[in-house]
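Single-structure report; data block below.
Quick note: numbers below take in every heavy atom, side chains included, and nothing from hydrogens, waters or symmetry partners. Naming convention: chains lettered A, B, ... in sequence-line order (proteins, then strands); numbering from 1 in each chain. Computed from a prediction, not measured in an experiment: that's the story for all the values here.
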Number of protein chains: 2
Amino acid sequence: MPKEARPSTGEQAKQHAFAQLRQAILHGEMAPAQRLVENELAEQFGVTRASIRAALIDLEGQGLVERIRNRGSRVRVVTVEEAVAITECRMVLEGLCAAKAATLASDEQLAELTELGTAMTKAVADGEPVTYSELNQELHTKVREFSGQRTAVDLLERLNAQLVRHRFQLALRPGRPQHSLNEHLAMIETIRSRDPQAAEKAVRAHLAGVIEALRD
Amino acid sequence: MPKEARPSTGEQAKQHAFAQLRQAILHGEMAPAQRLVENELAEQFGVTRASIRAALIDLEGQGLVERIRNRGSRVRVVTVEEAVAITECRMVLEGLCAAKAATLASDEQLAELTELGTAMTKAVADGEPVTYSELNQELHTKVREFSGQRTAVDLLERLNAQLVRHRFQLALRPGRPQHSLNEHLAMIETIRSRDPQAAEKAVRAHLAGVIEALRD
DNA sequence: GCGGACAAAATTGTTGACAATCTTGTTTGG
DNA sequence: CCAAACAAGATTGTCAACAATTTTGTCCGC
């Protein structure tokens, strides 16, 4: 019973509302600190308030919205200090994933990383920051995936969701791609040579650079 | 308007149900994989189903219960492999906290750690594993607290909640306290000497030991 | 003009009933 | 005796109405 491809109705209202709201927040369609009134959202998404309510509780658990008793829900704003703290956590967790990936990844998977590396180099050479940002994202995702560490992956996805706004700002900064490219290539190289400690170190160095860039 | 001390009603039903359910699960009053029927819980706690429902969604977000569409909720069982994966994440995150604590903690806070160390030594000498386990818990909590890393602390609390059952088993193992005491004292010492890198290393060594003990 | 009490509006929290879905036990045809 | 279809029961998902709370705007006394 493959029941895909019908996002409008019959998919289970709460899940629908949840996914839609989450996407809206992640895509920046909801302004930071914007009020999220349950009635409005219910009407907007064509579901009942109960579903919206459940979705909001879920999103609160993921740290994407803030809920105050009898006062409503708002899109959570992530301050720069918080973004730094989050990235520090990413640093150690992705370091763990990289170390595991260095020992667990298959040869085909290592080849994928190599391929990504050349693509990223090309994107920088061609001066396409958007493409580079996407490849960047893909690289981090693959490393996590290859680590086989589901717990860490879950935590990282939660953390990353909170950073969308800041990530966007960072990606379009002039000179930034060139600077981070070397760090990324180092990550790939250490994983390819199956050196867990070096891989962890490389990832940390990279994210330490991101933290530095965040502060300004 | 301090409205404490009335857990029966009027406190906000959902919060009450949430706290109570969480406590019940954490204290092991709910058997692993036990079915959690919304109606039963609602009657048991004297709240309506909607409140139980909201609480269950929250608990799902914290990884304490599993919810399947139209099939109900159950207490999530953490396999040994998962416990290992979780502890690996704890390892890197607590390492981060220890490093930060080493640079940020005040002198009074360092004194608290020293005090805890002597208390733990005494508990082991007196052969009181339960006391030792509590002090152990307190030590980890304090280190996290002193780090000032709210994001990491949140993640760690979530992870620790999932480990209660395994932790309990581990604490009562003969010979284990003696073994871990040295690791704990090393943690305290490195933080006291304000050496972030050594502190991180000590925490990792300790939790690596825990992981080893988990596997059997 | 200013501050506090008061009332009205808006919004969230709660409740009970109904619908949809899944599980389980039974029956029927082979 | 077994398998598939069916029916009954249990459980979760959804809904609309009601209650409680907070916010906002207004009015009165000073």
Rounded off to whole Å, could you give me the [atom1]-to-[atom2] distance for the [X] and [N] pair?
X: A:His16; N: D:dC15; atom1: NE2; atom2: C1'; answer: 17 Å
X: A:Leu36; N: C:dA10; atom1: CG; atom2: P; answer: 19 Å
X: B:Ile68; N: C:dC22; atom1: CD1; atom2: C1'; answer: 11 Å
X: A:Arg74; N: C:dT11; atom1: CZ; atom2: P; answer: 15 Å
X: B:Asn70; N: C:dT23; atom1: CG; atom2: P; answer: 9 Å
X: A:Gln15; N: C:dT21; atom1: CD; atom2: P; answer: 13 Å
X: A:Glu38; N: D:dA16; atom1: CD; atom2: P; answer: 15 Å
X: A:Glu43; N: D:dA16; atom1: CD; atom2: C1'; answer: 15 Å

Exercise for review: Could I get the full list of side-chain contact (heavy atoms from CB on, under 4.5 Å) partners for A:Thr190, not counting sequence neighbours?
Suggested key: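 Checked A:Thr190 against side-chain contact (heavy atoms from CB on, under 4.5 Å); matches are A:Ala198, A:Ala199, A:Ala202.
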
Exercise for review: Report the residues that fulfil side-chain contact (heavy atoms from CB on, under 4.5 Å) with A:Ala213, sequence neighbours left out, ordered by chain and then residue number.
Suggested key: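 Only A:Leu170, A:Arg173, A:Arg176 meet the side-chain contact (heavy atoms from CB on, under 4.5 Å) criterion with A:Ala213.
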
Point to revise | Point-to-point distance, once rounded to the nearest 0.5 Å, from CG of A:Leu139 to CE of A:Met120 | key: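 It comes to 5.5 Å.
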
Just distance, no hydrogens or angles: give the donor-acceptor pairs under 3.5 Å from side chains in residues 33-40 of chain A, sequence neighbours left out.
from, atom 1, to, atom 2, distance (Å)
A:Gln34, OE1, A:Ala31, N, 2.9
A:Glu38, OE1, A:Arg49, NE, 3.0
A:Glu38, OE1, A:Arg49, NH2, 3.3

**Study point:** Pairwise 5' ranking along DNA chain D for A:Gly46 and B:Glu40, keeping only the more 5' one
**Key:**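 In this pair, the answer is B:Glu40.
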
Point to revise | DNA chain D contacts made by residues 48-64 of chain B, counting heavy atoms under 4.0 Å | key: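 The answer is B:Arg49, B:Arg53.
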
**Study point:** Below 4.0 Å: OP1/OP2 of D:dT23 and any side-chain N or O of A:Arg71
**Key:**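 Yes, such a contact exists.
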
Review point. Judged by modelled atom types alone, do B:Arg22 and B:Gln62 share a side-chain donor-acceptor pair under 3.5 Å?
Key: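 The answer is yes; a qualifying pair exists.
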
Practice item. Not counting sequence neighbours, which residues clear salt bridge (Lys or Arg N to Asp or Glu O under 4.0 Å) with A:Glu112? List them please. Key: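 If we apply the salt bridge (Lys or Arg N to Asp or Glu O under 4.0 Å) test to A:Glu112, skipping adjacent residues, the hits are A:Lys142.
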
Practice item. Select one nucleotide: of C:dG13, C:dT11, D:dG13, the one nearest the side-chain heavy atoms of A:Arg67. Key: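 Among C:dG13, C:dT11, D:dG13, the one nearest the side chain of A:Arg67 is C:dG13.
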
Exercise for review: Quick one: list whatever passes ring-ring contact (aromatic ring centres under 6.0 Å, His included) with A:His206, sequence neighbours left out.
Suggested key: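 If we apply the ring-ring contact (aromatic ring centres under 6.0 Å, His included) test to A:His206, skipping adjacent residues, the hits are A:His140, A:His184.
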
